[in-house]
2 protein chains.
Amino acid sequence: MSVRSLCLAILSFGDATGYEIRKESTEGRFSYFEDASFGSIYPALARLEAEGMVTVREEPQAGKPARKVYSITEAGRTEFINSLCEPQAADTFKSPFLLIALNAAQLPPGVIRRALERRKAQVQEELRLLTSCEEGQECSHPGSSWTRDYGLACMNFTLAYLEEHGDALIKIAEDAARPLPAAAE
Amino acid sequence: MSVRSLCLAILSFGDATGYEIRKESTEGRFSYFEDASFGSIYPALARLEAEGMVTVREEPQAGKPARKVYSITEAGRTEFINSLCEPQAADTFKSPFLLIALNAAQLPPGVIRRALERRKAQVQEELRLLTSCEEGQECSHPGSSWTRDYGLACMNFTLAYLEEHGDALIKIAEDAARPLPAAAE
DNA sequence: CGTGACATGTAACGCGTTACATGATTAA
DNA sequence: TTAATCATGTAACGCGTTACATGTCACG
């Protein structure tokens, strides 16, 4: 999915500025789909406006540059919905953590421990994010709840698995670190 | 993770040709880390050779171009292990499927059904891949088993969740498709 | 007889990231 | 006072993809 579609997706849930879109795409609910940086969002927004997919309204602020609040138009909404109807790319999961796990026997136990802790912290953070959006805002939206529950279930499962089987992974590294266990008479 | 590291990672598990590396990175065990195409793999391999991280041995074949089998060197192995020791990027999950789920109420039920079936098929395929590697080859490697079991557990959970809650998602789309249910007296 | 797997490689192109440019306000 | 948050935007650069170029063999 391109940054263009990401902008349309986020704006279909409500008006936003470029700055806010970036936040949602890196930290918020939309981090599941794509994370984009300013350098791609601002040009994409400008292009979408030129094409009539969004409109802008400028809100001047003292000191800061004016907030440019974007709204999706009917044309934009139509394009977005249509794009969802045609076949999507497959889901992907990229895990530097699993690469470390795969090579556990070749790595110092400390590295494994840190990687495990880091991964757990990441999952907990995502969990926190998911539950925090439960209370606030416009989360009464039906698709939102389903998606949130799905994410919650997967994250909880992952966390439990890591908690239960993490030690086994550390043990792999520890066993390999002592290269001559048979020599221990 | 760059294509460079991917090549090193795969070669650290055994010799391979560029063609095989590409297969492993798109279909095989290493699809968790990065998927690369020929256009990036061949140049990366050439560079790695120039830097002494890998060596090549050419195996001429009748008709086909000679297989160029790459082996990792000590220097390459060291670089790879060192790269794993320093902080890695966070794991990412990108899901076009969840974007469809999020917008279930705005989409035709048929689209939701297809997306669900597609996602389930994908998970089943990954499951099949994971179990097939269980039997064959050099999977007695300890990190491999842990990683495989982790993948298996997550995929099984995901599949079960989709099977159990998929209907609820379809219902969201169906309910929204009939826009005036209150009018049904 | 055509499609797909095997097998390597280059060149053009696109997309997105990083770094830069600017600047006020607020919390530690 | 120093870092972080808010706020927009551009330009250079890197990395990877897509398409091209070439050719054999096996299977249906």
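Everything quoted here is computed from the prediction, not taken from an experiment. Scope of the values below: all heavy atoms of this structure, side chains included, with no hydrogens, waters or symmetry mates. Proteins get letters first, then strands, A, B, ... in listed order; numbering begins at 1 in each.
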> So, is B:S37 near the phosphate of D:dG16, with a side-chain N or O under 4.0 Å from OP1 or OP2?
Replying inline: no
Interatomic distance where [atom1] belongs to [X] and [atom2] belongs to [N] [whole Å]:
X     : N      : atom1 : atom2 : value
B:E24 : C:dA7  : CD    : P     : 13 Å
A:I21 : C:dG16 : CD1   : C1'   : 16 Å
B:E27 : C:dG4  : CD    : C1'   : 13 Å

>> Give the residues of residues 84-96 of chain B touching DNA chain D, defined as any heavy atom closer than 4.0 Å, sorted by residue number.
In response: none
Only counting residues at least two apart or in another chain, list the ones meeting side chain to side chain contact (heavy atoms under 4.5 Å, CB included) with [X].
X      : answer
A:A46  : none
B:A160 : none
A:A66  : A:E58
A:E117 : A:K120

> Which residue pairs pass the side-chain hydrogen bond (donor to acceptor under 3.5 Å, both in side chains) test when at least one of the two sits in residues 31-50 of chain A, sequence neighbours left out?
Replying inline: A:R47-A:E51
>> Taking side-chain hydrogen bond (donor to acceptor under 3.5 Å, both in side chains) as the cut-off, I'd like each qualifying pair that reaches into residues 88-102 of chain A, sequence neighbours left out, listed once.
In response: A:D91-B:S95, A:D91-B:R119, A:S95-B:D91
> Axis-to-axis angle across the helix from C:dC1-D:dG28 to C:dA28-D:dT1, five pairs an end, to 10 degrees?
Replying inline: 50°
>> Suppose the criterion is salt bridge (charged side-chain N to carboxylate O under 4.0 Å, His left out): which pairs have a residue in residues 106-115 of chain B, not counting sequence neighbours?
In response: B:R113-B:E174
> What string of B, S and - do you get for nucleotides 5-15 of chain D 5' to 3' if you count protein non-hydrogen atoms under 4.0 Å?
Replying inline: SBBBBB-----
> Salt bridge check: are A:E27 and A:R22 linked by an N-O gap of less than 4.0 Å?
Replying inline: no
>> Could you list the cluster mates of A:V69? Members are the ILVMFWY residues connected by side-chain heavy atoms closer than 4.5 Å, either directly or through other members.
In response: none
Which side-chain N or O atoms in residues 75-87 of chain A pair as donor and acceptor under 3.5 Å with protein atoms at least two apart or in another chain?
unit_1 : atom_1 : unit_2 : atom_2 : d
A:R77  : NH2    : A:S12  : O      : 3.0
A:T78  : OG1    : A:E74  : O      : 2.9
A:E79  : OE1    : A:R4   : NH2    : 2.8
A:E79  : OE2    : A:R4   : NE     : 3.1
A:E79  : OE2    : A:R4   : NH2    : 3.3
A:N82  : ND2    : A:T78  : O      : 3.4
A:S83  : OG     : A:F80  : O      : 2.7

